[in-house]
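Computed from a prediction, not measured in an experiment: that's the story for all the values here. Chain A is the first sequence line, chain B the second, and so forth, proteins listed ahead of strands; every chain is numbered from 1.
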Amino acid sequence: MCTVCGCTTKAMSGNQELSHSAPSHDDHQHPHDHDHDHVHPHRRGHVHGGGTIDFGKGLAGVEIAGLSQARTIRIERDILSKNDAFADAIRARFHSERIFALNFVSSPGSGKTSLLVRTIEDLKDRWPIAVIEGDQQTSRDAERIRATGAQAVQVNTGKGCHLDAHMVGHALDHLSLASGGLLFIENVGNLVCPAAFDLGEAHKVVVLSVTEGEDKPLKYPDMFAAADLMLLNKSDLLPHLEFDVESCLAAALQVNPQIRILTVSARTGEGLDALYAWIEANASVASDFAALPAFGG
Amino acid sequence: MHEVSLVESMVALVEDERRRQDFSRVRTIRVYVGALGHVEPDALRFCFEAVTRGTIADGAQLMIVMIPGEGSCSDCHRVVPLEDRFAACPLCGNPRVRMVAGDELRLAELEVE
C-alpha cells in the first residue's frame with residue numbers, strides 16, 4: 001500500500017511502468033435494460049423494482065412532513081482539492097530538492113517527445129534531467145527518452161485523459177533526480193483535460209505545431225490560459241504551409257496576455273537556444289526562492 | 001472526458017465527510033460550476049450515475065448550480081458580466097478584464113440521511 005496516500009496502486013518498478021486505470025466497479029455491474037427484480041447489494045432497501053421510491057422506510061418507518069430524516073451538510077470544498085493537495089506536496093518536494101519541473105501539454109502529434117529528446121541531448125551535460133511520460137498505453141515514449149541516457153518513467157493512464165498529481169507523486173518514487181535537476185513531465189496528448197490538473201510543476205508549457213490551425217488558442221483557450229510558455233513547433237515546415245504565424249501569436253496573446261511565445265523546430269534546432277535560455281533563467285529564479293529560508297521548505 | 005475524474009473526486013470528498021459525520025445515504029449533491037470554467041455540465045451529469053454506482057453517493061441526485069462569469073475591468077474599475085473568458089469590458093470596451101467569477105468547481109453541500 002502507498003504510504004503517502006493509502007492507495008493500493010501497484011507500481012511495476014522493474015520496467016518503470018505505472019498503470020492507473022479508472023475503477024471499473026466490477027463488483028457492481030448490472031445493465032438495467034431488462035425486466036428484473038434482483039436485490040442490490042448496497043444499502044438502499046427503499047428503492048423497489050418499478051422505480052418507486054419510498055421515503056417512509058427510514059429508521060422509525062415513518063416520515064412526517066417537515067421532519068425529514070435528511071439533513072444538509074455544507075462542504076464548500078473545491079472538487080479538485082485532493083489533486084491540489086497532492087500537487088502542493090510535490091511542489092514542496094521540488095522546492096526542497098531544488099528541482100525545476102515543467103509540464104508539457106499539447107494535442108497528440110505536436111512533437112513533444114521529439115522536442116524533449118532534442119532538448120535532453122543539448123542540455124544533458126549541463127543539468128541532471130529526468131522525464132515522466134504520460135500516455136494512455138505503451139512505453140514507447142519513455143524508451144525514446146531513455147535512448148538519450150536520461151531517466152524516464154512511463155505512466156499509463158489507461159482510460160484516463162490526463163495525468164494527475166497522484167500519478168506524478170508515484171512516478172517520482174521511481175526516479176532519483178539529483179538536486180538542482182530538471183524534470184520534464186510530458187502530459188497525455190490532449191489539449192483540454194490536462195489544463196485543469198496541477199501536477200506541482202513550476203510552469204505549464206503548451207506546444208503547438210504549425211501543422212495545426214493558427215486559431216487553436218481560441219478554440220482551446222483553457223490550455224493556453226493555463227500555460228506560461230508556448231512553443232510553436234515544427235517551424236521548419238512553415239515554407240510548405242499556409243500558416244499565419246502572426247495571427248496564431250495574436251490568438252495566443254488574446255487568450256493569455258502574459259504568455260511567452262517561442263518559435264522552434266525540434267528538427268533543425270531553430271529557436272531552441274531561446275528555449276534553453278528561458279529554462280535557465282526560470283530555473284535559477286526558482287532555485288533562488290528555494291534558497292531563501294522562508295521558501296526553503 | 002475528465003468529468004469522470006471530477007466525479008471520482010466528488011465521491012472522495014463525500015467519503016471524507018462520512019468519516020466525520022454519520023450518514024448512510026446521500027440524497028443530493030449540490031455543486032457550483034462556473035460558466036466559463038472547463039467543466040461541461042451535461043458531461044458531468046452523463047457520467048455521474050455510472051461513476052457513483054456502488055459508492056456512498058449511489059442514487060444521489062446531482063444538482064448543478066451554474067455561476068455566471070464576472071470580470072473586474074482594469075480601466076473603469078467596475079465588476080461586469082463576462083460572456084466569455086477573454087471578452088472585453090461591455091461598459092467601456094477595455095480588453096483587459098480580469099475574470100473574478102465563473103471558474104468555480106466546488107462541492108457546496110450534501111443532503112444526507
Side-chain angles (χ1 to χ4, degrees), chain A residues 20 22-30 40-47 53 55 58-59 63 68-84 157 159-162 164 166 188 190 192-197 217-218 220-226 251 253-257, chain B residues 1-18 20-33 36-40 44 47 49-56 58-60 84-88 95-96 98-99 103-113:
Chain A
H20 270 81
S24 62
H25 303 298
D26 283 341
D27 55 333
H28 204 85
Q29 265 173 0
H30 48 219
H40 290 241
H42 47 85
R43 294 176 301 277
R44 275 170 58 202
H46 46 262
V47 178
I53 300 172
F55 288 110
L59 286 177
E63 175 156 279
S68 161
Q69 288 161 1
R71 65 187 196 278
T72 299
I73 301 175
R74 292 192 70 75
I75 306 276
E76 296 296 349
R77 287 178 69 184
D78 280 342
I79 288 172
L80 288 171
S81 57
K82 291 224 161 200
N83 180 77
D84 293 347
T157 58
K159 302 296 178 202
C161 51
H162 57 270
D164 63 37
H166 179 223
V188 178
N190 176 343
V192 182
C193 308
F197 293 84
L218 300 176
Y220 299 91
D222 291 349
M223 190 64 87
F224 291 85
L253 288 168
Q254 182 185 344
V255 166
N256 180 353
Chain B
M1 277 298 286
H2 67 287
E3 279 76 7
V4 171
S5 333
L6 297 179
V7 176
E8 287 170 355
S9 302
M10 284 161 57
V11 170
L13 293 179
V14 173
E15 280 167 352
D16 275 2
E17 201 58 36
R18 185 172 55 162
R20 281 194 283 270
Q21 310 205 31
D22 180 42
F23 56 86
S24 58
R25 178 170 120 70
V26 182
R27 275 195 188 184
T28 310
I29 297 179
R30 183 169 286 108
V31 297
Y32 291 147
V33 173
L36 309 183
H38 52 78
V39 176
E40 184 53 53
L44 203 59
C47 64
E49 192 185 331
V51 175
T52 55
R53 195 172 295 154
T55 73
I56 177 66
D58 195 339
D84 69 68
R85 194 185 271 261
F86 313 104
R96 286 182 304 281
R98 187 173 51 87
M99 183 167 66
D103 202 22
E104 293 78 2
L105 181 56
R106 199 162 70 244
L107 181 57
E109 59 186 28
L110 308 174
E111 197 182 309
V112 300
E113 59 184 34

Study note, to complete from the structure: When the 4.5 angstrom heavy-atom criterion is applied to B/V26 and chain A, the contacting part is neither
Review point. Around B/E49, counting heavy atoms of other residues, nucleotides and ligands shown, do more than 12 lie under 6.0 Å from its CD?
Key: no
Point to revise | Heavy atoms of other groups near B/F23 CZ, more than 12 under 6.0 Å | key: yes
Atom [atom1] of [X] and atom [atom2] of [Y]: how far apart are they, to the nearest 0.5 Å?
{"X": "B/L105", "Y": "A/I79", "atom1": "CG", "atom2": "CD1", "answer": "4.0 Å"}
{"X": "A/T72", "Y": "B/R27", "atom1": "OG1", "atom2": "CZ", "answer": "9.5 Å"}
{"X": "A/L80", "Y": "B/H38", "atom1": "CG", "atom2": "NE2", "answer": "5.5 Å"}
{"X": "B/H2", "Y": "A/N190", "atom1": "NE2", "atom2": "CG", "answer": "9.0 Å"}

Point to revise | Heavy-atom pairs under 4.5 Å with chain A, option from B/E109, B/M10, B/Q21, B/R106 with the top count | key: B/R106
Revision key, fill the gap. Between B/G37 and A/D222 the two heavy atoms that sit nearest each other are O-OD2, 4.2 Å
**Study point:** Contact origin within A/A195 toward chain B - heavy atom pairs under 4.5 Å
**Key:** neither
**Study point:** Under the salt bridge (Lys or Arg N to Asp or Glu O under 4.0 Å) test, residues paired with A/R77 that sit two or more places apart
**Key:** B/D16
Check your understanding: Is the closest side-chain heavy-atom distance between B/R96 and A/P257 below 4.5 Å?
Key -> no
Point to revise | Contact check, side chains of A/R71 and B/V112, non-hydrogen atoms, under 4.5 Å | key: yes
Review point. Sequence neighbours excluded, which residues qualify as ring-ring contact (aromatic ring centres under 6.0 Å, His included) partners of A/F224?
Key: none
